[in-house]
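Both counts, for ligands and for their atoms, begin at 1 and track the order of listing.
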Amino acid sequence: MQDTGTLGRAACAALALCLAGALPVAADEGKLEALRAQGFARVAIANEPPYTAVAADGKVSGAAPDVAREIFKRLGVADIVASISEYGAMIPGLMAGRFDVVTAGLFMKPERCAAVAYSEPILCDAEAMLVKKGNPKGFKSYADVAKDASATIGAPGGGTEEKLSLDAGVPRERVIVVPDGQSGLKMLQDGRIDAYSLPVLSINDLVKKANDPDLEVVAPVVGAPVYCDGAAFARGDEALRDAYDAELAKLKESGEFAKIIEPYGFSAAAAMSTTRDKLCAAM
Ligand code: 6CS
């Protein structure tokens, strides 16, 4: 814990930069000033490439953290420090002050929009299912899984695919919570689940690295929306969110946003074709 003297000097230095016009200044910059003084923003990620990834040496990459790192740098926050979290624990963790922001591909949906302060859209994607070659159970939708009384589907705990499966009528006991992509892949390969569902780019990344000819991707999952994420801030940190959005808009405008996310397979145009308000409206 830094002593208040250090924190005070750093905050004054940051404030001096603001007053000198070197850093963007927004109303009620309390949280942003604190992050500047802290020197980093604590971000929640899931370690689900290409959205988020943590290498063996601890290096954090992926489209969401790369956008966050660039924006925070422009806001005068030198770096990000990532913690891996299950999707279902991200919003509670944000509310409990364990993270400053969620930058993980946490898709905007009305119930989440009611709980956090989202930025404008960043990463958009459809949903997919990983199945055995030949798609032996003929899955095209979550409803197809529901109709087959013997079928089980794996999905992240508290994630969108878990909710889509339950909402389509798959009984709780046939929706298997899977902690991460590698576990989902293994469970499918071992025949412990009949399908594993993640967004298209995440499933494609898994298949590319698995080098297993006995896999097949069902994409897009029929009837599932295309979702977009945003950076998710705690309620009360709207000034920080607005400062983040201002820099995000500049990145989108300059073409630098596309340069960051498109090498990962994401579409800048898709994110720029919609808005937080549209995505947070009841579907
Ligand atoms: O937002 C979600 O719930 C979903 N987002 C991603 C990037 N992966 C799976 C998760 O369920």
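Counting atoms of ligand 1 from 1 in the listed order, those under 4.0 Å from a heavy atom of Leu106 are 1 (O). Within ligand 1, the atoms closer than 4.0 Å to a non-hydrogen atom of Tyr51 are 7 (C), numbered from 1 in the order shown. Of all atoms in ligand 1, listed by their number and element, those nearer than 4.0 Å to a heavy atom of Gly159 are 3 (O), 11 (O).
A side chain to side chain contact (heavy atoms under 4.5 Å, CB included) with Pro156 holds for exactly one of Glu161, Glu162, Glu86; it is Glu161.
For atom 3 (O) of ligand 1, the nearest non-hydrogen atom from the set Lys163, Glu162, Met108, Arg112 belongs to Arg112.
Using bins of under 30°, 30° to 60° and over 60° for the plane-to-plane angle, the ring pair Tyr244/Phe233 lands in the perpendicular bin.
Remark: Asp245 engages Arg276 in a salt bridge, criterion side-chain N to carboxylate O under 4.0 Å. Electrostatic pairing of Arg241 and Glu238 does not count as a salt bridge here, judged by no charged N lying under 4.0 Å from a carboxylate O. Under 4.0 Å is where a charged nitrogen must lie from a carboxylate oxygen, and between Asp100 and Lys31 at least one such pair does. A salt bridge links Glu247 with Lys250: at least one charged nitrogen is closer than 4.0 Å to a carboxylate oxygen.
Scanning the protein heavy atoms around atom 8 (N) of ligand 1, the nearest turns out to be Glu48 OE2, 2.8 Å. From the protein, the heavy atom lying nearest to atom 7 (C) of ligand 1 is Gly105 O, 3.2 Å. Here the heavy atom of the protein found nearest to atom 10 (C) of ligand 1 is Glu161 OE1, 3.5 Å. Among all protein heavy atoms, the one lying closest to atom 2 (C) of ligand 1 is Thr160 OG1, 3.1 Å.
Close N/O approach between Ala104 and ligand 1 is not found [any backbone or side-chain N/O within under 3.5 Å]. Checking only distances, Pro156 never comes within under 3.5 Å of ligand 1, N or O to N or O. For ligand 1, one of its N or O atoms has an N or O atom of Tyr87 under 3.5 Å away.
Side-chain N/O atoms of Tyr264 and Asp66 include a donor and acceptor closer than 3.5 Å.
Using 4.0 Å as the threshold, Pro199 has a heavy atom nearer than that to some atom of ligand 1.
Note on Leu201: it clusters hydrophobically with Met272, by side-chain heavy-atom contacts below 4.5 Å among ILVMFWY residues.
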